[in-house]
Every structure is written in structure tokens, then in C-alpha cells.
Amino acid sequence: MALRCALQCLKLNEIPEAWVEAVWDLEFTERRPLDDTIQQELIVNWEKAFRNLYQCLLVHGVDQQQSAGRDGTSESVWAILKENGTTVKSLVAVLSLFVLAGKSKAASVQQKVSGLHAASVYLLLLGIPGSIANKVFHEVLFDTCSNLTSHCWPQDSGKKRKKHNFKSSQTEGKRFKPQRKDTPEKEVEVDEAEEEKEEEELNFSGQDLMSIRDAVVLLVQSLLRLLHTFPIKDRQQSSSNCAQIFSKLLYFEPVIGELSYAAEQDITKLRSVPEMAFYGLKLLCLPKHGDQKESLRVVFHQLLYVILMMNKGNRGKPSLLIPSQAILATRDHAIHFVCHLVDEMKQLALPFLQILLQHICIQMVEKSEFRSHGAQAVGMLTSQMEGRDYAYFIKWLFNFSRHSKMVRRLFSVDVVMVLLEQPERRPEECQDPELACFLPHKFLIQSMLFARQMDESPSVQGHALACLAQCLELSSLNVTRAIHNLFSAGTQTVLGSEITEGSLNSQQTQKTYHTLSFRTVEISSTDSSGCDAKENLALLLQHLKDSKTNVRKSALQALVGLLKHNVIPMSLENLARLSERCRDPAVSVKKKALQCVGELLTAKPECRVMQKAWLQGVVPAVVDSESSVQDKALEALDQVLLSQVKLCSDSCCLDSSQRLTWDLLGLLCHDCHNLSHYFSRAVTMWSKQKKFTPLFITNLISHTEADHAAGAWLLLSKVVSSSIRLPYAKILNAWDSMVSSKEISVTTCCHILCVMGDIAEHLNKDTKYRIIDDLMSLLKTFTLSLEVISAAVETIYQLGRSDDVRQTQAFLNQHCGEMVSLCEAYLTSTILSEKGPQNFNEQLMVKHLHTLGVASLYCPAKVSKRTVLLVESILTTHSDKLAECPEQLPALLPPLQFSALSLPARVRAHGVITLAKLCLQHEDLVQKYLPVFARELEVGTQVAVRNNVVVIMCDLCVRYTNIVDHYIPNISACLRDSEAVIREQTLIMLTNLLQEEFVKWKGSLFFRFVVALVDPDPAIASLCEYCLLHLLLKKNPEMFSQHFIECIFHFNSYSKHKSYNKFPQSEREKVQFSLKGAQHSEKRFLIYRFLLKYITDAQRIILTHKINQTVLACFADEELPLDADGAEILSETFNILSLKEMKLQVTCTPAGGAAGEEPEEENMHTMAKAVLQAAQKKVVSQVQKKTFIENTVPLIISLKSLLEQKHSPVLRDLMAYLQVTMQDYRNEVKEFFSEDKHLAAEVEFALKMTEKEAMKEQMHNCTLKGDAKTTTAQEIVQDSHVRSRPLLPLSFATPQLPRLNCMSDRLLHTDGHVHRSQQEELVQSKSLALERTVMPKGAVNDRAISTPKGVSVNLTFDGVSAIFSDQGTSPVGETSILYVRSNEHQSPGLRRWNVQSPLRHRSSKV
């Protein structure tokens, strides 16, 4: 009775039959208007009618199902409809009216709710037995009702959408694109009005949302009831749509509490829509709904994008979701649901779990957050696998880790790290011996993780190295043991040698899809490589100098991990590599290095070598050019040194942190005293921060009498000048102890003297005079070391200083003048006395010279001419040379005793320094002795003397710049000195002068400087490269391009050009710096390549034009003779123009980034960048082409004619240059050389011959060696047959990897097993300026990059191993997966999907 009343409310008897037929004829694809009166009545009564009808159908449905199992006496719904005079078609048509109204974008809240209720009634009606016989089911209407939630529920939770804001955010920062003139303004206004109207209608209240939500719940419950009773096994499209609908409902609302995935649940007790959705997905996997394999494939396909946190629409690529807390929770629920299905279905679901894992890997994006969550998902899902399945996946993952796409290799590293955190599986768990080798963690580390450190992509290299360091922090002993095997000496481990070559049918390797399909791909590999501990460590250390910042940072992290866990020894060499990175050119690397040395010091505080490495890394960083690095270094020093200075007492013992502090300060006193200057800068910065409180000073002084007193005096000497109140009594007591003791070290004495000088102004006169007397007494004995002598004279000055300058100078003249007199007397007695040679004492002579030099700086008036001549005589005391040049002897010195004396090199070296100190105070002495110094550089034979002369002349240049500037050529000539130490010293000193602009790039200085790039000592060559790039080029960015052309003439010693190579040089210097001749060709071109590599494209264009005008044009106009020297210059010029470094970088760099760093996501930024690069490349190419035609081509034609007349061999170089240049204009040769058709024909012929040679080389490289499988003709035919087969829609098949041609397979994507020395050469070729940057010839052919040799990518279409069963097919436009299938299973052919579309066959009229 209730059902009849509900039907009467819908006025079904009043519905025109013609309207019903029209609705059915339209296949429910569009809404057919109904009579206004009837439609208005339906709208008024819909709520009551639908609610009553729903309840009645719910009751009748249950009754009919129960009666069907007993006697069938229950009254049928279909009979009631017939008795009521209502046709099923009318009821369905009316329901569709409301459904289609609710589906509309402009639908009101009432229409949406009514549409959802109507859809619920229709689904409930379908579930009543007899619905098929009464032709209630219509596939289009069923899909529309099922998917109505996506149309009715607002995606932005009731908030008004701001379309104009979205557009503006996309176009922010771009130029406004003017509107097209042919666009009518009225049409634009109408569109904007419609958008505003739509926005207003989408503004829902909280009550509206609750109403829609209740209706959605009712609809989902109806769909679940339908799936309980109504089988859809013959309707694969509907089944797939239901899975897609349920996957979208997972995001409908947050889930409170834990979800239950029980098999049988009361639908009314399900608390949330996502919980209902999971239940619906499980119902789809029941046997009643078709083949369970097909159902699992469909369900896993939809859950794939939930796990990947992507939004997969019907078309196009999936878009990324923002990983909010709700999205992450939904992802976790999806993973647990998959695990639940695998637990229940066991072997039936495991093959599809393999494919799901492969799709997660293959569709992963480059974003680190998504990769991290994706790897965790893989780890959770693999935990459900048994031993053999797990090993099978690891085998696949091993081959996947060598994929050609960078992001996939990167993600394989993330997966390996997650798998290493799981308990290790034993080989006994896998019965297959070929797969058992994939189970141990050792395989993951050595064959997958460590192998990626040689990847061609810096991102993958860096990530692999960082993960290698993290492995040592894992609790697994086997992981640690595996890493020990890689780096421990005497251990050799074979990587991947157990891996057998997989063979796959090549006919399944090539298919064309718009997107990936959910199926399997097998990647086979024949690669095996060995690793040696020493070579592995050498490769890791090479990564510390990689050209990429992230690789260097990761290598630092890996090295620290190995050192911290005692995998490699804490040797001085290893730690030096670590500490030198604290001076890396990149700020981020410097900070990382500071962090690493600090971390290692914390782990190994007692290791003295580590303490020294920490000091050498951190202390110099306080003067870094980057303030953030300074702050980090100061913070580290403060934490380790200052904060650990506590009060010292006999009752208290030092803890480990305090012992470390005093050990470090002790090292600063002795082994690392060269860092004292940097430490002083740190103290100066701390004093500004007021770090040195009276309590700190008191605590520090308490340590001056302890065993570690040296460190305490060092720190006190640095901080005493910044302190106000000091316990002077304790300091004076220490001074008295020092005077009376002979056991105090030299360094401690210097620090005590420094403290005495700093507190001098706080002492009374008596104390000052007492200390001065003590110091003078000590100085007069000449028993002090050189360092103490300098400190003592400085302390005397501090003690005698006053506000009156004259009084201070009088004091210094008295005391320091006395020391000068003593030294002069000693020199006189030694040099001029007849018994001087017999009484000569080298040590005493050095001390007198040093004292004289130091004291003379404070009392220049007390230095007599005699004193100067005495010191000068020490520099010129070679008797053999004096006999030849007696006129050069000083007039005041007796020549007999002077010439008889021959002094040691050490004495002469100190004599030179003393003479330079005398010159500092007297400009006339500088002018007199600079020629002497220059002559010593030229003819001197003693290394120490010449080294000191270089330092002296550069120091004098700072004070007397104009005078010394004339002698810069003499100094720069030392860059070709026979001794490496002098060449290095000269390079450093000249760099300092150039930095401070005391010296300019004048004359031959630049050319002499760059010659150091080819120095026989690699360390000097690297130092020169560093100085040029990181110190000098920044101050003068155009210096390389400005001097380049003159380099050609200078290094070839060619001086016939009217402008170049005209600066004055002696014949000795010309020979010394000449690189002329074929034997030096390699050195010249190394310099050329270096200079060209670091100039800009604008400079390249200008440089090319200048070469045309100043070199080629001069020879073409015969201004320069084409003799032997001229031919060499012209030949070299053509060879330079042929270099790849001469090509514009914008035309050489491919759009989208460097090789191995392909963009995986086409966001707005990368797309805009690619478009800009393409436009820039096009414009520059056009400009270059025009310039080449107008300027270069006429010169080339003229030169060719001239060279042919002269029968010059340079013609060969000209043609080689044209051959290289015209590669970019292959089809425009005739246009370029229209004036010389013969030349055009020659160029075309040369290009053709080059192409033939390249083809032969390619064919040679395509020949696979060893065990690599060759492709047969039959396979090629089969492969082409597979490509020609039509692909049917709606498949979830394998992702199609691009097939590698033989050339790229062998050269570009290989991880071939080669000797490690070749790999080291490749890593070294990518190093920083501290390393050579030339890649050895053939390195690309031999080096391991990304994928193994002989890689073959094969597809399988197997109903057992693929998620898509053999009944399914594959859609064009679907994205997805990889899967590994054993060769035992043969692949059956594809079967067509034979479901008839309701759009093709209309239902018959009732």
C-alpha cells in the first residue's frame, strides 16, 4: 500500500508516453523538458515521494530476496507497478529527469539533493530481482547515477571559487598578452557574467552541505546494496567506473578512528563515506562480479593514484595533489587496504601486487616529498611478499635502477633505503637459487646503492652517496658488514656477478601508447662489475671535488660516516680531504664541511689527527668571505673552546670536553701554529660580542700553571687586550718563572711576552724597567730563538711606549739602537776580521742578523751606512764571482777578508730578509737594492735565497708600488723557475698583489701567469686554475677574452703583427715562456680551452669577430706573410675556431637542462624557461648565421684562393674548420658559398664523408660483445608486427619504456664493467677548479653511466602476471606500470572486449 502511495506522488500516470519514449531514445545523455505543470508538481512532491519510494523499495527488495529462497509468495514490485498502470520506462524516465538536473553545473542545492535521491531510488530498483527482465538496467543511466556524487558535491567545501585569482597567479610576472582584435567584447562580457553567476551559485551554507552529504551517503549505500545483489560481471565498463567512483570517494571526508575491512559488514553501520568506498572496492573483487583477476587489476589501478597522491582524470597526465594530512591519511588507508586484499586472496593477488609496486616506481615524480612517501609505500607493500616474490621484485628493481630516466634511478635509491630498514630475508626463504642472491641486504648496498655513485646524473650520485652514509646508522649488522666489504682494505666483493642474464622476447618491446598502461615490463641486464676497496675509496674521494655542489656535499656525508664507524682509517690524507672542503667555492659545501668535521670530532674527540683536521678546517673559516660561514665557524669554536674553560683546581678532574679543549689549544701552540692569525681574528670578533667576562679570565688564568699551560697562555695572549681587569700579580709571577726557567717552550715564551706587552700600560715604572732590563739581558745573550727575539723586541716597544712620540722614539733609539750596535759589531768581527772564518758560527750569525732586522724597524736612525754595507756583503759573498767583478765590492770593506769568506745559504737567506727590513725604512735603499734583488733572481743558485727575494720584492711592492712596478717582469719570470717551491710562491704572491690591485695586467704578466696552467707540477697547475677562476676573474670578468688573441701570437713567439706581442722581453724570457712548436701544441690548446670555457657568449661573438678582423683578414690581405711562422699561426687559428668551446653555449645546451637531468614535471616555471631558451637560441642562431655569412665567408673564400695559389698545407685546416662549422648549416652550404660553387661542392663532399665515417663508427659500436644478445632479423620482423597491431581501449597494461637504439644502448645508458682507473678519470674530469677538467678520450665509450650493457626492454601481456587479464585490452591514453615475468610463461594473444554499447543499440519499445 505504501509503495502505491509513493508511486502516485510521482504522477506517473500523467507522464506523456511520447516524452518517455523521447527520453529513452536520447539514451539518457541529455535532459528532455517535461510539461511545466507536471514538472512543477514533481518538484513540489519529490522529497516525500522519493523518501517513501526508497523505503518501500528497500523493504520489498529484502522481502523478495527472502521469498525467492522460500516459496516466492511475496508480492512483486513489478506486479504492483503493473497493477498501478505504471510502466517501468516511465518511472525510470522520471528518475532520470531529476538525475540529469542534479548533474548540471548550475544546479541548485535542491536539485542536487533531489538528483541524488532519484539516483538512489534507481540503484535500489536495479537491485530488486527481476530488474533485468523488466529492462530497468541502462548502462549510461547506471554510470550517471553512480558517478553523481562527483557532480553534486562541491570540490572546494562550499567556498566561492576565485577564477580570476587563479589566472592571475598563473600569469604573475609575465607580460600581459593583448586581447585578439577579432574577439567580440560583448562575448567576453557575457562569459564573465556567466562565471560570476556560477560563482554565486556555488556558495553553499553549512546546512546545504549537510543536506548534500546525507544524500551522498544514501546514494553510496544504495550502490553498495546493489553490488551485494546485482552481478555486473558482464559489464566491465560499469565495473571499471564503479572502481573509479569509489577511489574518488576515498577523499570525500576525513576518517575518524580505525577502518575495518571485514568481508561482511552492515552497510548502515559504516561511519564515513571513505569507509563505504573501501567496502565497495572489496565487493567489486567478489567472484559474482566477474573474473577476480580482472577485478583486482581494476581496483589496484585506481588505488595506484591514491598511493601516489595523484589526481588521475579521464584524459591527460595525472596531476599531483598537495600532500596534506588528509591526503596522507587516505594514502595510508589505501596501502592497508591493499595489504588486506593480499592477505585474503594470497596467490591470486600477489602478481598484481608486483605490478602495483612497479607502477609506483615507474610513475614516481622527482619531488623529494613524493619520493619519500612512495618509497615508504613500496616498503609496506613488499612486507606482504614471501621470499620468492620479494626476490623477484628486487631483481626487477635492480634493472629498474639503471633506467634511462634520472628520476627512476633516483627513486630506486629511496626504495633501497626503505628496504634496508626491514629485517633481512634469508636465502632459505627462496627455493629458486637464481633468485636467492637478491635477498641479502649486501646485494642492495653493493649492487644497487653503491653502483649509483657512478651515475651520469649528479642528483642520483649525490643521493646515493648520502644514503650510503645513512646506511651506517642502521641497526643491521649485515648492512654494516656489506659497507665494510666495499671499503675495507684487502676485501674484494663482486657486484652483481651472481645475476644471470634475463632473456625476453624482443617482439614485445615496441608499442606506441600516448600514456603508460598498467601491465608488466621486464628489463634484463648482463652487467657485472667488481669493486676493490682502495679503488672504491679513491672514487669516493674524487667525488669530493666533483663539479656539482650536491655531489660534493653528499660525498662529505658519506666520508664522515665511513670515518665515524671505522670503516676507513682516520688517516691524515682522508681527514685532509675533509678539512679542505671547508674552503670550498660553494657556500653550502663549506657549511656542510664545517658540520661534518664537527660531527666527526664529537665522535672521535681523542683522536689527535682528527683534532688537527678540525682546526685546519674550522679556524680558517672565520675569515671566509661569506658572513654565514664565519658565523658557523665562530659558533663551533665558541662551543668547543671558550665554553669549556672552567675553573682549574687540584680536586677537580677534567672531563672529556675540557680535555678536548686543551688538546686543541695545545695543537694551536705547536703543530698548528700557522693558524694563529685566523684564531686572532676570531678573538677579535668575540671581543666585540663581549665574550670575555672577568669570570672567564679568572678561569683561564687558573690553567696557566697546569700541565696544559701552553694552551692557556695562547688563549690568554689573544684575549688579554680585550679585557679590562686582570690579575696582574699572577701574570708577573709567571713572567718571573719564565725568566728563571729554561724548560718553557718557545711558543709559550712568545705568548707570555705578548701578554706582558698587552698589560704594559697597567704596570708601574719600576716594574716596567725591571722587565725591560730582563729582556735586554736575554737579548744580549743571543741565545733566544728567532721567534722569541721578535716577541721580546715587540714587548720592549710596548713597555716603552708613551703618549709623547719623541719620548717613545728616544726610548727605542736607546734600547733598540743598543741592539743594532751589538749586531753591527758582531758582523764586523765576523766579516772583516782575519779570524772571522775560523770563529764563524752559523746559528749565532743568523740570530744577529735577525735581531738587527727586527730592531732596525724601531730605530731607523741608528742604522748606519756601514751596517747596510755589512748586510749587503752577506748577499754578495761568492768569492768566484767577486774575483770576476772586483769593482762591485763595497768601498769601506777590506776585500781580502770579504772575498775569502763563503757563507751558507741559510745565512744568506736571512741576510736578504734583514736587508729588506732595512730598505723598508729608507726609500733610497729600495732604489739601490732592487736591481740587486732582481739580479739574484736571475743568477742566484740557492733556492732559499731566491724564494725570500720573491717574497721581499712583492712586499716592497705594497709600500713602494711605483718603484717596484718596473721589476714585475723579473718577479713573474720566476713562474718558470726550475724549482717548484719558487714557482708556487711567485704564483701566490702575484695573486695577492693582483687582488689588491698593487699590480695591473700589463705587458706579458697575463701570459706568464696562464703558463702556470700547464706547469709540470699538477698542484701548481691546479692552484693557478683556482687563482684565475675564483680570485682574479671576479675582479676582471673580461680579462680572458681581452688577452685571448694575443695568446696565439705570444705562445707561438710571433712578433710580425703590428699590434700584438710587442711588449719588451729579453731573449732569455722569450725562450723561457715560449710554447712554440708542435711539441707544445697540447699545452697551448689546454690554455686556449680553459680561457674559452669561462667566457660568456657575448664575449665569444666579439672574440670571433676580432679573430676575423685581426688575424684572418691580415693574412687574406697579405699584411702578414704566409711564411712558415705565418702558416703556423693561421693553422692554429683555424684549429681554435674549430674547438667546441668556441661555439655559443646557448646553441649547444639542449632545452630542458643538462643530460641526465631531464624535467619530469612540466610546471609553469620549467615550461616558461624552456620556451625562453628556445627563443633565445633561435635569435642567437640567426644573428650568428648572418654574421658568419657577412664577415667570415668572404674571408674564407679569399683565404682559400690564396692558400691554393701558395700550395699551403694550411688549406687542410681551413677545410676542417668549414667541415666543423657547417655541421650546423648542413642544408645551407650552397646558400653560404654562393660566390664560390667549387668550395660549396668541396664542403658538401667533406660533410658526406664525415657522415659515412660516423655511420661506420656507429655500426661498429652497435656490435654487442661478450654475452650480450644480438637482435636477429626474425625478431625485428616480429617486433614490427607487434607495432602494427591495433590496440583496443580500456586496458591497464604495461608502461612502455623507450627502446634504446644500439648506439645509445652501448654509449649513453650503460653500466659496463670497466677498469676503475677509467672511472676515476671520468670522475676527475668533473672535478672543481682544483682538478683538471679535460675528459680523457674514450671515457664515454668505456664509462659506466646509468644502465647495463645489453639492456633489453620487453613487454609481457600475460593474464597471470599482469593486472589486466587476458580478457582485457589496453586503452590509448592510459598511464602505468612495470612487471617482471618469468620466461616459462608464454603470453597468450589479446582478446577483444565484447560488450555492446547502449549507444549503438537502442532498447525496444514496450
Side-chain angles (χ1 to χ4, degrees), residues 442 445-446 449-450 453-454 464-495 530-546 551-584 589 592-619 640 656 659-660 663-664 666-667 670-672 1019 1316-1317 1319-1320 1323-1324 1327 1330-1331:
K442 175 183 176 181
I445 291 177
Q446 296 184 353
L449 184 58
F450 185 72
Q453 71 153 341
M454 289 302 298
L465 290 169
C467 290
L468 187 68
Q470 296 173 15
C471 288
L472 292 167
E473 306 295 336
L474 299 178
S475 58
S476 173
L477 293 177
N478 289 335
V479 171
T480 306
R481 187 180 297 112
I483 296 179
H484 272 273
N485 290 339
L486 283 172
F487 294 99
S488 297
T491 305
Q492 186 170 354
T493 309
V494 178
L495 297 181
C531 67
D532 179 78
K534 293 182 179 179
E535 293 174 350
N536 288 339
L537 179 58
L539 288 174
L540 177 61
L541 295 178
Q542 286 291 340
H543 283 305
L544 290 174
K545 296 181 178 180
D546 193 273
V551 177
R552 301 201 298 275
K553 290 168 62 178
S554 300
L556 280 172
Q557 187 177 347
L559 182 61
V560 168
L562 297 176
L563 290 168
K564 187 164 64 173
H565 292 85
N566 300 319
V567 178
I568 59 177
M570 300 280 285
S571 65
L572 187 61
E573 178 186 2
N574 293 338
L575 292 172
R577 298 291 185 91
L578 187 63
S579 59
E580 74 180 9
R581 286 301 100 200
C582 295
R583 296 178 293 279
D584 193 275
V589 179
K592 183 67 176 180
L594 290 173
Q595 176 188 339
C596 288
V597 294
E599 179 183 343
L600 201 54
L601 182 68
T602 304
K604 307 284 184 181
E606 310 234 342
C607 179
R608 190 170 183 84
V609 183
M610 182 60 240
Q611 294 171 358
K612 187 182 296 185
W614 185 84
L615 288 173
Q616 291 172 345
V618 176
V619 177
V640 176
S656 59
R659 283 197 302 271
L660 174 61
D663 288 344
L664 291 171
L667 283 173
H670 302 99
D671 297 353
C672 301
R1316 281 300 172 93
S1317 62
Q1319 294 180 343
E1320 291 174 3
V1323 175
Q1324 189 175 8
S1327 64
L1330 301 179
E1331 292 292 319

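Hydrogens, waters and symmetry mates play no part in the numbers below; they use all other heavy atoms, side chains included. Residue numbers count from 1 along this sequence. Note that the coordinates shown come from a computational prediction; the quantities given were computed from them, not determined experimentally.
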Which heavy atom of [X] sits nearest a heavy atom of [Y], and at what distance?
X    : Y    : result
E473 : H565 : OE2-CE1, 3.1 Å
V567 : I483 : CG1-O, 4.0 Å
H543 : V551 : ND1-CG1, 3.8 Å
A464 : Q453 : CB-N, 4.1 Å
L575 : V609 : CD1-CG1, 3.4 Å
L563 : P569 : CD2-O, 3.4 Å

* To do: Go through the steps for L667 and R608 under the test side chain to side chain contact (heavy atoms under 4.5 Å, CB included), then give the verdict.
  => CA-CA 9 Å; L667 283 173; R608 190 170 183 84; 3.2 Å; yes

Output the distance between atom [atom1] ([X]) and atom [atom2] ([Y]), rounded to the nearest 0.5 Å.
X    : Y    : atom1 : atom2 : result
C607 : D663 : SG    : CG    : 11.0 Å
D671 : K612 : CG    : NZ    : 4.0 Å
L486 : L468 : CG    : CG    : 7.0 Å
K604 : M610 : NZ    : CE    : 11.0 Å
L449 : C467 : CG    : SG    : 6.0 Å

Side-chain contact test, heavy atoms from C-beta onward, threshold under 4.5 Å: evaluate it for [X] versus [Y] and give yes or no.
X    : Y    : value
L544 : L541 : yes
E599 : T602 : no
L600 : W614 : no
I568 : L559 : yes
L562 : L540 : yes
K534 : L539 : no
L601 : L660 : yes
H484 : T480 : yes

Whether [X] side chain and [Y] backbone form a donor-acceptor pair below 3.5 Å:
X    : Y    : answer
Q446 : A482 : yes
R581 : A593 : no
Q611 : P605 : yes

* Any side-chain donor-acceptor pair under 3.5 Å between N574 and R577? -> no

* Asked: Is it true that D584 and R552 make a salt bridge, defined as a side-chain N closer than 4.0 Å to a carboxylate O?
  -> yes

* **Among L615, L556, L578, the one residue meeting side-chain contact (heavy atoms from CB on, under 4.5 Å) with V597** => L578

* Derivation and outcome, side chain to side chain contact (heavy atoms under 4.5 Å, CB included), residues K442 and R481 -> CA-CA 8 Å; K442 175 183 176 181; R481 187 180 297 112; over 6 Å; no

